[in-house]
Amino acid sequence: MPESGGLLKQELFYLTIPQVGGGEDIFATIRWSQKLLYDNGQFSVEVPFRFPQFVNPLPKVFMKKEKIQLTVNSGVTKEIILQGTSHPLKEKGRQGEKLSFLHEAAVENWSTKDFTFTYTVYSGDLSGQVLVKPSTLRDYDDRDMFCLFLLPGKNVDRKVFRKAVVYIIDTSGSMQGKPLESVKNAMSTALSDLVQGDFFNIIAFNDELHSFSSCLEQVNDKTIENAIQWMDLNFVAQGGTDIMHPLSEAMTLLSNSHDALPQIYLVTDGSVDDERNICHTVKTQLMNRGPKSPRVSTFGLGSYCNHYFLRMLASIGSIEGRMVQWFQKASNTIVSNISIDAIKNIQDFELDSEYIQDVSAKYPLCVSGRYHGKLPETLIAKGHLADMSEISIELKVHHVKDIPLDKVLAKQQMDLLTAKAWLLENKELERKVVKLSIQNSLPSEYTRMVLLQTSLDKIDPAQQAKNKSIKQSSPDERSAMPLRGLTLGFGDVTATRENLTTGFGEIKSPEKFEIFEKAVGCCSRVADCFCCMCFIKACSKMNDQCAIVMMQACAALACLGCFECCSELCCGGAN
């Protein structure tokens with residue numbers, strides 16, 4: 001359903017199923033993918049499973065059943081521990097890293113809450129694994145794929161890197177109202193999470209640049225209080241958007257990071273003309289600094305900013321809630337400068353991202369890619385801890401068969417390839433995105449998803465005779481409706497120049513699909529006028545005999561009232 005505010009707006013997708021007879025069963029299969037949530041060492045998933053009261057069948061007339069069948073394939077050999085679930089699940093079996101659960105019961109009412117499932121992977125310290133799957137005949141790349149992940153574990157003694165942070169905040173005119181207020185609240189939370197030994201500075205930018213301080217400030221109660229007061233005075237939405245100037249200023253500030261891990265956080269809602277030049281310039285400066293180069297993290301607001309520019313900039317190096325999580329993920333580094341040993345002898349080894357990110361104490365690390373050849377049974381991941389000592393983590397290589405690794409990684413691969421294609425203006429990379437999009441039925445910036453009306457091969461003879469007088473459309477005349485709003489786009493420089501706000505204003509009503517309206521027909525439209533939710537709720541409280549009498553009376557009245565309308569509109573007035 002529409003959500004006011006935030007990066008993406010969710011939409012309610014619906015499909016009307018016409019000509020359903022009484023007592024018939026309706027089966028619907030829905031496939032989708034979503035990311036597992038991770039918080040405080042726990043993985044969780046939430047699936048919409050709420051049914052409004054008015055869709056429940058009449059009590060004592062229809063028996064209602066509820067069934068949930070869940071299979072968890074964790075992909076790890078560690079012990080899986082169930083932490084909680086919204087519905088009573090019974091464990092049916094365990095086989096390696098695969099668990100199966102079942103819930104089946106007769107219920108008075110269908111579920112009124114979403115389905116949630118939470119579990120943990122037992123790991124006292126850093127651990128991980130490499131999942132490998134061979135390419136398929138339909139694959140866009142003939143190389144095998146792999147997915148490497150590292151779990152931070154629950155070692156409370158693991159030290160977090162000291163940080164030298166520069167926050168770069170867009171205060172252009174388009175940030176006025178809720179966006180800038182949410183950013184200010186998230187910034188206050190992020191500043192309060194800094195600890196003694198950290199350093200920070202804040203840069204607010206539009207056409208001009210305003211800095212909290214001329215140098216990095218050491219964290220203490222006084223500087224944090226001063227910074228929050230400074231934000232109240234200087235976070236004023238006005239002017240245009242200039243991203244390169246504050247980025248250069250931040251890297252200059254971090255040239256002396258006091259032996260702390262240098263980090264840059266960029267928050268913007270705009271798109272600028274020189275985005276590719278910004279990426280190339282930043283990449284050159286970071287490469288010259290080596291392992292101590294600043295880590296760049298980006299957060300885009302609304303649809304006018306170029307999210308692929310921000311993704312590329314970051315790979316080179318509610319809003320408030322998501323921003324706080326974003327700050328926490330990037331600011332709790334426990335292992336940096338990660339490299340994978342034993343891949344030098346592997347042919348065509350390629351990561352989907354530009355480099356391997358640091359490991360955060362708050363979130364697991366996941367890296368995917370392609371290779372030719374044969375991986376050894378064990379890979380070694382090496383990195384540096386906060387005390388600059390080296391750590392080695394053994395990663396077992398696991399060849400998977402029943403995990404659809406290509407489907408799981410498809411969206412991430414498409415986003416990373418799209419960002420590279422945009423930066424390099426590379427047509428070959430664009431074609432790879434197109435192949436991935438078609439192969440996995442996922443929309444991309446270079447493809448379009450279309451809703452196509454088709455007719456059933458088998459038609460009831462009585463229904464076919466009834467429709468003889470109605471003109472049948474040819475295959476070329478079938479309705480095709482493009483589905484819009486499924487991709488992010490590459491930003492809108494013009495809207496940024498004009499300081500238009502996006503994603504936080506009034507929500508437009510969803511487009512009506514003509515294909516659905518035709519499928520329903522005028523009878524259901526007339527029925528909608530009197531079969532309101534309140535009427536159905538009232539019927540649900542009647543006893544069986546009263547409900548049957550009422551339904552028969554309503555059916556008779558509806559038939560008398562709709563007969564002439566249906567004869568004229570549905571049948572075209574044919575005799």
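The first residue in the sequence is number 1, and the count goes up from there. Remember, predicted model here, so these are calculated numbers, not experimental data.
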When rounded to the nearest 0.5 angstrom, what is the spacing between [atom1] in [X] and [atom2] in [Y]?
{"X": "Gln413", "Y": "Cys147", "atom1": "CD", "atom2": "SG", "answer": "9.5 Å"}
{"X": "Leu423", "Y": "Thr418", "atom1": "CG", "atom2": "OG1", "answer": "12.5 Å"}
{"X": "Lys184", "Y": "Met175", "atom1": "NZ", "atom2": "CE", "answer": "11.0 Å"}
{"X": "Lys411", "Y": "Ser437", "atom1": "NZ", "atom2": "OG", "answer": "10.5 Å"}
{"X": "Arg370", "Y": "Leu409", "atom1": "CZ", "atom2": "CG", "answer": "8.5 Å"}
{"X": "Gln218", "Y": "Ser213", "atom1": "CD", "atom2": "OG", "answer": "12.5 Å"}

What are the two closest heavy atoms between [X] and [Y], and how far apart are they?
{"X": "Ala250", "Y": "Val166", "result": "CB-CG1, 3.7 Å"}
{"X": "Ile334", "Y": "Pro152", "result": "CD1-CB, 4.2 Å"}
{"X": "Phe199", "Y": "His258", "result": "CE1-CB, 3.6 Å"}
{"X": "Leu442", "Y": "Ala410", "result": "CD1-CB, 3.8 Å"}
{"X": "Phe115", "Y": "Phe49", "result": "N-CB, 3.7 Å"}
{"X": "Met388", "Y": "Phe161", "result": "SD-CE2, 4.3 Å"}

Within the 4.5 Å heavy-atom criterion, are [X] and [Y] side-chain neighbours or not?
{"X": "Leu429", "Y": "Leu424", "answer": "yes"}
{"X": "Arg448", "Y": "Pro443", "answer": "no"}
{"X": "Ile264", "Y": "Thr298", "answer": "no"}
{"X": "Glu350", "Y": "Arg143", "answer": "yes"}
{"X": "Asn440", "Y": "Lys407", "answer": "yes"}
{"X": "Leu131", "Y": "Met145", "answer": "no"}
{"X": "Ile278", "Y": "Met244", "answer": "yes"}
{"X": "Ile338", "Y": "Leu365", "answer": "yes"}

So does [Y] get a backbone contact from the side chain of [X], meaning a donor-acceptor N/O pair under 3.5 Å?
{"X": "Thr85", "Y": "Thr116", "value": "yes"}
{"X": "Lys133", "Y": "Ile403", "value": "yes"}
{"X": "Thr333", "Y": "Val335", "value": "no"}
{"X": "Ser444", "Y": "Thr447", "value": "yes"}
{"X": "Lys362", "Y": "Asn332", "value": "no"}

Subject >> Side-chain donor-acceptor pair present, Thr223, Glu217, cut-off under 3.5 Å >> reply: no
**OP:** Classify the side-chain pair Ser255/Thr252 by whether it contains a donor and acceptor separated by less than 3.5 Å.
**Re:** no
Less than 4.0 Å between a side-chain N and a carboxylate O, is that true for [Y] and [X]?
{"X": "Arg295", "Y": "Asp358", "result": "yes"}
{"X": "Lys427", "Y": "Glu430", "result": "yes"}
{"X": "Asp114", "Y": "Arg50", "result": "yes"}

Original post:
Around Asp232, counting heavy atoms of other residues, nucleotides and ligands shown, do more than 12 lie under 6.0 Å from its CG?
Top reply: yes
**OP:** Please test Thr118 against Gln42 for side-chain hydrogen bond (donor to acceptor under 3.5 Å, both in side chains), starting from the C-alpha separation and ending with a verdict.
**Re:** CA-CA 7 Å; Thr118 305; Gln42 295 185 351; 5.0 Å; no
**OP:** With sequence neighbours left out, write down each residue that passes salt bridge (charged side-chain N to carboxylate O under 4.0 Å, His left out) with Asp406, or none if nothing qualifies.
**Re:** none
Original post:
Just one of Tyr38, Tyr363, Phe149, Phe117 clears the ring-ring contact (aromatic ring centres under 6.0 Å, His included) bar with Phe43, so which one?
Top reply: Tyr38
Subject >> salt bridge (charged side-chain N to carboxylate O under 4.0 Å, His left out) assessment of Glu181 paired with Lys178 >> reply: CA-CA 5 Å; Glu181 191 64 32; Lys178 182 178 179 180; over 6 Å; no
**OP:** Go through the steps for Asp198 and Lys163 under the test salt bridge (charged side-chain N to carboxylate O under 4.0 Å, His left out), then give the verdict.
**Re:** CA-CA 5 Å; Asp198 291 341; Lys163 302 174 288 296; 3.1 Å; yes
Original post:
Between Val236 and Thr171, is a side chain to side chain contact (heavy atoms under 4.5 Å, CB included) present by the stated rule, with each step listed?
Top reply: CA-CA 6 Å; Val236 179; Thr171 57; over 6 Å; no
Subject >> Validation row, ring centre Phe212 to ring centre Phe200 under 6.0 Å >> reply: yes
Original post:
Would Leu126 and Val359 satisfy side chain to side chain contact (heavy atoms under 4.5 Å, CB included), going step by step from the backbone distance to the final call?
Top reply: CA-CA 10 Å; Leu126 280 163; Val359 178; 4.0 Å; yes
Original post:
Should Ser172 and Asn206 be marked as a side-chain hydrogen bond (donor to acceptor under 3.5 Å, both in side chains) after you check the CA-CA gap, both sets of side-chain angles, and the distance that decides it?
Top reply: CA-CA 5 Å; Ser172 59; Asn206 40 50; over 6 Å; no
Original post:
Do the ring planes of Trp230 and Phe235 sit parallel (below 30°), tilted (30 to 60°) or perpendicular (above 60°)?
Top reply: perpendicular
**OP:** Run the numbers on Tyr167 and Val267 for side chain to side chain contact (heavy atoms under 4.5 Å, CB included), then give the verdict.
**Re:** CA-CA 8 Å; Tyr167 302 94; Val267 180; over 6 Å; no
**OP:** Quick one: do Asn337 and Ile356 satisfy side chain to side chain contact (heavy atoms under 4.5 Å, CB included)? Show the steps, please.
**Re:** CA-CA 8 Å; Asn337 302 326; Ile356 301 178; over 6 Å; no
Original post:
Does Asp221 have any side-chain hydrogen bond (donor to acceptor under 3.5 Å, both in side chains) partners at least two apart in sequence or in another chain, and if so, which?
Top reply: none
Subject >> Steps toward side-chain hydrogen bond (donor to acceptor under 3.5 Å, both in side chains) verdict (Thr281, Thr284) >> reply: CA-CA 5 Å; Thr281 302; Thr284 300; over 6 Å; no
Original post:
Going through the distances and angles, do Ser174 and Asp269 end up as a side-chain hydrogen bond (donor to acceptor under 3.5 Å, both in side chains)?
Top reply: CA-CA 8 Å; Ser174 58; Asp269 73 337; 2.8 Å; yes
